[in-house]
Participant: 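A single structure is presented below for examination.
All values derive from a computational prediction rather than experimental measurement.
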Amino acid sequence: MGIMNLLTADLFLTTELTLKDYAVTGFFGIASFLLFIFLQLLGAKLFVKINESSLKGPRVFVLVLLVLGLAGAVFSCFTENSEASLVLGFTAGLLIWTALCDIPEQMHWISPLSRKAVLIFLPLILLWAAAILFLSDIPAAVFGATGYLLGVWGIQLARVRVISKWGPSSLAATILILLTAAIAGGALALGVVHGTIFSGIIGGVVFAIATWSALEIIWERGMAQRPWKNNQSKK
């Protein structure tokens, strides 16, 4: 099945869904959201311990995650259920992003959120969009993996560039908060409306990613006002 058919035609095949179907989908959406946040926090703590225990630990951790991500992406392409393949590809994209961008950025090996990164991101997102529109035989897993990578990268690039240029308290930052909140709510709503477990999972994960980004801007805004100095002045 072509990826465009999966994303468009199937969205309208929800007329026979019951309230129970929506409730189950919503449950998986919220559960995926909470699981994603938990895994992010757990992964961060695990990485800190690995980094403190050995100089080679981060490199081994990156290699393990990359192998798991790539193996998962390949395996997902052979899954017959298109939605399951999409979810597995999405998960593979998470592992690949962590291995190639998240950890290397923390270790200062690369800077995927720098100004130069925008010059790499823009052509890639255009190529990705063109491939989705004009190539009908792209496996759903490949779409899920690349979509996760480019989606997270784009959201984080937008946040970092807006904050660095206009500041976290600017009008641009406020608009970005509203946009990411709209993405979060829209993804969760679409996942529930579609009425499948897999759509609920994807909606929950996108909701988590966009919500996390919005909270990052809000946190930056609070820190920009230096609340610790306000507390000292009150004393």
Participant: Locate the shortest heavy-atom distance separating V192 from G26; write the atom from each residue and the value.
Facilitator: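 Looks like CG2-CA, 3.8 Å.
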Participant: Only counting residues at least two apart or in another chain, list the ones meeting side-chain contact (heavy atoms from CB on, under 4.5 Å) with S170.
Facilitator: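 Residues passing side-chain contact (heavy atoms from CB on, under 4.5 Å) with S170: W166, A172, A173.
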Participant: Should V87 and I197 be regarded as members of a common hydrophobic cluster, given that ILVMFWY residues are connected when their side-chain heavy atoms come within less than 4.5 Å of each other, either directly or indirectly?
Facilitator: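 Same cluster: V87 reaches I197 through Ile, Leu, Val, Met, Phe, Trp or Tyr contacts under 4.5 Å.
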Participant: Please evaluate residues D102 and F47 with respect to the criterion side-chain contact (heavy atoms from CB on, under 4.5 Å), reporting the C-alpha separation (whole Å), side-chain torsions for both, the decisive distance (0.1 Å), and the verdict.
Facilitator: CA-CA 11 Å; D102 203 359; F47 173 70; over 6 Å; no
Participant: Taking side-chain hydrogen bond (donor to acceptor under 3.5 Å, both in side chains) as the definition, give me every residue that meets it alongside T174, ordered by chain and number, with sequence neighbours left out.
Facilitator: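 T174 satisfies side-chain hydrogen bond (donor to acceptor under 3.5 Å, both in side chains) with R221 once adjacent residues are dropped.
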Participant: Using a 4.5 Å cut-off between side-chain heavy atoms of Ile, Leu, Val, Met, Phe, Trp and Tyr, which other residues end up in the same hydrophobic cluster as F75?
Facilitator: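 Once heavy-atom contacts under 4.5 Å are chained together, F75 belongs with L88.
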Participant: Roughly how far, to the nearest 0.5 Å, is the CD1 atom of I103 from the CH2 atom of W97?
Facilitator: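 The CH2 atom of W97 sits 12.0 Å away from the CD1 atom of I103.
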Participant: Same cluster for L39 and I37 if Ile/Leu/Val/Met/Phe/Trp/Tyr side chains link at under 4.5 Å?
Facilitator: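 Not linked; separate clusters.
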Participant: Give the C-alpha distance, both sets of side-chain angles, the deciding distance and a yes or no for side-chain contact (heavy atoms from CB on, under 4.5 Å) between F28 and V24.
Facilitator: CA-CA 6 Å; F28 274 93; V24 171; 3.8 Å; yes
Participant: What closest approach, in Å, do L65 and A99 show between heavy atoms, and which atom pair accounts for it?
Facilitator: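 So the minimum-distance heavy-atom pair works out to CB-CB, 3.9 Å.
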Participant: Rounded at 0.5 Å granularity, tell me how far CG in L35 sits from CD in Q40.
Facilitator: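 That separation rounds to 10.5 Å.
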Participant: Closest heavy-atom contact between N81 and A84?
Facilitator: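 Result for this residue pair: OD1-N, 3.0 Å.
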Participant: Quick one: closest heavy-atom pair of S199 and E83, and the distance?
Facilitator: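 Result for this residue pair: N-OE1, 4.5 Å.
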Participant: If you link ILVMFWY side chains whenever their heavy atoms are less than 4.5 Å apart, which other residues fall into the same cluster as V74? By chain and number, please.
Facilitator: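 Hydrophobic cluster check, V74: joined to F78.
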Participant: Are I30 and V206 linked, directly or through other ILVMFWY residues, by side chains that come within less than 4.5 angstrom of each other?
Facilitator: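 Cluster IDs for I30 and V206 match.
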Participant: Once side-chain contact (heavy atoms from CB on, under 4.5 Å) is applied, do any residues pair with V67, and if so which ones, sequence neighbours excluded?
Facilitator: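 side-chain contact (heavy atoms from CB on, under 4.5 Å) check on V67 returns L63.
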Participant: With a 3.5 Å cut-off and sequence neighbours excluded, list the donor-acceptor pairs that the side chains of residues 175-191 form with protein atoms.
Facilitator:
residue, atom, partner, partner atom, Å
T180, OG1, L176, O, 2.9
T180, OG1, I177, O, 2.9

Participant: Should L68 and I96 be regarded as members of a common hydrophobic cluster, given that ILVMFWY residues are connected when their side-chain heavy atoms come within less than 4.5 Å of each other, either directly or indirectly?
Facilitator: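 Each belongs to a different hydrophobic cluster.
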Participant: Could you give the distance from CD1 (I110) to NZ (K116), rounded to the nearest 0.5 Å?
Facilitator: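 I110 CD1 to K116 NZ: 13.5 Å, rounded to 0.5 Å.
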Participant: Under the ring-ring contact (aromatic ring centres under 6.0 Å, His included) rule, what pairs show up with a residue in residues 196-217, not counting sequence neighbours?
Facilitator: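 Those involving residues 196-217 are F33-F207.
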Participant: If hydrophobic clusters are built by linking Ile, Leu, Val, Met, Phe, Trp and Tyr wherever their side-chain heavy atoms come under 4.5 Å apart, do L127 and L100 end up in the same one?
Facilitator: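 Looking at the clustering, L100 is in a separate group from L127.
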Participant: Could you tell me which non-hydrogen atom of A117 sits nearest to which non-hydrogen atom of S111, and how far apart they are?
Facilitator: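 The answer is CB-O, 4.0 Å.
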Participant: Going by the rule side-chain hydrogen bond (donor to acceptor under 3.5 Å, both in side chains), which residues pair with T25 if we only count those two or more places apart in sequence or in a different chain?
Facilitator: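 So T25 forms no side-chain hydrogen bond (donor to acceptor under 3.5 Å, both in side chains) with any residue.
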Participant: Could you list the residues that satisfy side-chain contact (heavy atoms from CB on, under 4.5 Å) with A141, not counting sequence neighbours?
Facilitator: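 Only S76, C77, S85 meet the side-chain contact (heavy atoms from CB on, under 4.5 Å) criterion with A141.
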Participant: Return the CZ to CG distance between R59 and N51, rounded to the nearest 0.5 Å.
Facilitator: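 Rounded to the nearest 0.5 Å, the CZ-CG separation comes to 10.0 Å.
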Participant: Which pairs of donor and acceptor atoms, one on a side chain in residues 142-163, lie under 3.5 Å apart (sequence neighbours left out)?
Facilitator:
residue, atom, partner, partner atom, Å
T146, OG1, W128, NE1, 2.9
T146, OG1, V142, O, 2.7
T146, OG1, F143, O, 3.4
W153, NE1, P112, O, 2.6
R159, NH1, S213, OG, 3.3

Participant: Taking side-chain contact (heavy atoms from CB on, under 4.5 Å) as the test, write out the residues that go with I50, two or more places apart.
Facilitator: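 Testing I50 for side-chain contact (heavy atoms from CB on, under 4.5 Å), a comparison that skips the adjacent residues, returns L46, P58, F61.
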